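Below you'll find the structure, written out as structure tokens, and then a few comments.
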Amino acid sequence: MDVFSQLADGFAVALTFQNLALALVGCFIGTIIGALPGLGPSNGVAILIPVAFTLGLPATPALILLTSVYYGAMYGGRISSILLNIPGDEPALMTTLDGYPMAKKGQAGEALALSGIASFVGAFFATWGLVFLAPQLVKVALLFGPAEYFALFTLAFATLGGIASQNQGKAVIATMIGLGIAMVGVDHQTGVPRMTFGNIHLYEGIDFLVAIVGLFAISEVLLFLEHKAGSAPSEANQKLARVTAPFWMLKKTAGTMGRSTIIGFLAGVLPGAGASLGSFVSYTIEKKISDKKGTFGTGDPRGVAAPEAGNNAAAGGALVPMLALGVPGSGTTAVLLAMLMALNITPGPLLFTQRPDVVWGLIAALFIGNIMLLCLNIPLVGLFVRVLRVPSKYLMPAVTMISFVGIYGISGSTFDLIMMIIFGVVGYVLRKLNIPTVPIILGILLGNEMETNLRRALEISNGDVNILWGSPLTIGIWILAIAGFVAPFVVGRFLRPKKDPTVAP
């Protein structure tokens, strides 16, 4: 098959010394970032983007580094969930429900090993799903015109909150903010400055890398300063007598891993759903299928395997719409999309024909990275546990330094540093108000493309707006967009997990 020959070419790209080294470094750093409560994959990738530019990495090595951080953070989120009952990120919340009870029963090592294996299974088979599904989605995407792409971008915004969204109204506000920021600068069609306030630095628009690092990394530093300054995560003292999963446990959870991988991958492919939905739905469905004796929530290994396989499969699935359609499937893939755009690479159907080295080199690196992560996360889990004891007063200055040095290294502009600080403060305020920042990033990234496609569609139709829903494909996308926006109000409260009151916020 042609796909296997392309994948072989991808392995030829990924198996160079530089790319292997970057994958290993990214996996290691990503696992640490995932293990630290509060950072998560989005922040980890945002922090490393300036580093990738500062190192002058070409497109493929840069993406291999960042996606390795992404996958590593998805693996690492389980460590603090199991040992501290504190999720490393939102998708790892479900792992606390049975992971921490296993640790309290003296099975911390078994829980960590099982979660690592489940993460590997979910990510490995999701990568195969990416191999086969993305090229097929590309064939469909080649049928898209300006009206279809405008509807598709609307679908991405409408479903960004996913079923697990806490407040769709606030997601709409965030999207409007992002689209407003995207309009800043000189209009490419008319040459008229928009919302520049006479500042020449704003004529080229606002750099989305500056916005990303500010909204994610700097706002996280401000939150740490408010809540955890000088503190160190407590109780990371679980004894790891054995960091292996016994055969009976693997046999018991094999079906769970398979089912959750499929569920998580499908959840990840949905634009805007991401790993959180994959984790929540995988756990919920597995509980309904397997929990005949009411053991879920008391330390059942299946309650650890299900969310870990689900969220890592969703991480792989989220790359499908990003690469094939140019629409991110999660917050982290929105950050990766920004990286591609900064490298003058346009994700979408033409990416597979114009830059196959980037696509297939990245996919091959994901396979290699998964094997690296499995090898790292079993024998070196004790090292990652020690990282949980690092006080935030040492960690946060490092994050701040990387952010400032990285952004200044890219642009050499003090104005960008000021803008980064402003976005950091804005992000801090928005997070205090529980307004999500990911829709803002998506608005900044896709706003200009959305406007361009709207204008092209109206030019083709001589101003007739009916072109926006004038084909069966656009009608289908609009129906999905409306359903995706309404779904959280109808079924979100059933799928949203009930947070354990003992879990730290």
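A quick note: this is a predicted structure, and the numbers were derived from the prediction, not measured.
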*Restricting to pairs with a member in residues 9-26, which pass salt bridge (charged side-chain N to carboxylate O under 4.0 Å, His left out), not counting sequence neighbours?*
none
*Any salt bridge (charged side-chain N to carboxylate O under 4.0 Å, His left out) involving residues 353-372? Give me the pairs, sequence neighbours left out, ordered by first then second residue.*
R355-D357
*Atom pair CG (N311) and OG (S282), whose distance is rounded to the nearest 0.5 Å*: 8.0 Å
_Working to the nearest 0.5 angstrom, can you tell me the gap between I285 CD1 and I263 CD1?_
4.0 Å
*Distance in Å, L362 CG paired with T67 OG1, rounded so as to fall on 0.5 Å steps*: 4.5 Å
*What are the two closest heavy atoms between G72 and L373, and how far apart are they?*
CA-CD2, 3.6 Å
*Sub-4.5 Å side-chain heavy-atom contact between L366 and Y71*: yes
_Gap separating the CG atom of L319 from the CD1 atom of I363, nearest 0.5 angstrom_ = 8.5 Å
*Could I get the full list of ring pair (Phe, Tyr, Trp, His ring centres under 6.0 Å) partners for Y283, not counting sequence neighbours?*
F296
*Just jot down the ring pair (Phe, Tyr, Trp, His ring centres under 6.0 Å) partners of F352, sequence neighbours excluded, or say none.*
none
*Over all atoms of both residues, closest heavy-atom pair of P301 and M102*: CA-SD, 4.0 Å
_Pairs meeting criterion salt bridge (charged side-chain N to carboxylate O under 4.0 Å, His left out) with involvement of residues 255-268, two or more places apart_ = R259-E286
*Set of residues satisfying side-chain hydrogen bond (donor to acceptor under 3.5 Å, both in side chains) with respect to S219, sequence neighbours excluded*: R431
*How long is the gap from CE on M249 to OG1 on T253, to the nearest 0.5 Å?*
8.0 Å
Which atom pairs, one a donor and one an acceptor, fall under 3.5 Å between side chains of residues 112-132 and the rest of the protein, sequence neighbours left out?
| residue | atom | partner | partner atom | Å |
| --- | --- | --- | --- | --- |
| S115 | OG | R78 | NE | 2.5 |
| S115 | OG | A111 | O | 3.0 |
| S115 | OG | L112 | O | 2.8 |
| S119 | OG | S115 | O | 2.8 |
| S119 | OG | E308 | OE1 | 3.1 |
| S119 | OG | N312 | ND2 | 3.1 |
| T127 | OG1 | A123 | O | 2.7 |

*Might you point out which heavy atoms bring L65 and A52 nearest each other, and give the distance in Å?*
CD2-CB, 4.4 Å
*Which atom pair, heavy atoms only, marks the closest approach of G299 to D98?*
N-OD1, 3.1 Å
_Side chains of I371 and F367, heavy atoms from C-beta outward: is any pair under 4.5 Å?_
no
*Mind checking the OG1-CG spacing from T154 to L480? Nearest 0.5 Å is all I need.*
12.0 Å
*Without swapping roles, check the side chain of Y70 against the backbone of V45 for a donor-acceptor pair under 3.5 Å.*
no
*Is there any salt bridge (charged side-chain N to carboxylate O under 4.0 Å, His left out) pair reaching into residues 360-369, and which pairs are they, with sequence neighbours excluded?*
none
Under 3.5 Å, side-chain donor or acceptor atoms of residues 17-28 against the rest of the protein: list the pairs with distances, not counting sequence neighbours.
| residue | atom | partner | partner atom | Å |
| --- | --- | --- | --- | --- |
| N19 | ND2 | V13 | O | 2.7 |
| N19 | ND2 | T16 | OG1 | 3.2 |

*Who are the salt bridge (Lys or Arg N to Asp or Glu O under 4.0 Å) partners of D300, not counting sequence neighbours?*
R302
*With sequence neighbours left out, what residues match L337 under side-chain contact (heavy atoms from CB on, under 4.5 Å)?*
M322, P328, M341, P347, L445, L446
*If every non-hydrogen atom of I64 is compared with every non-hydrogen atom of G361, which pair is closest and at what distance?*
CD1-O, 4.2 Å
*Determine the minimum heavy-atom distance between I444 and A211, stating which atoms define it.*
CD1-CB, 3.8 Å
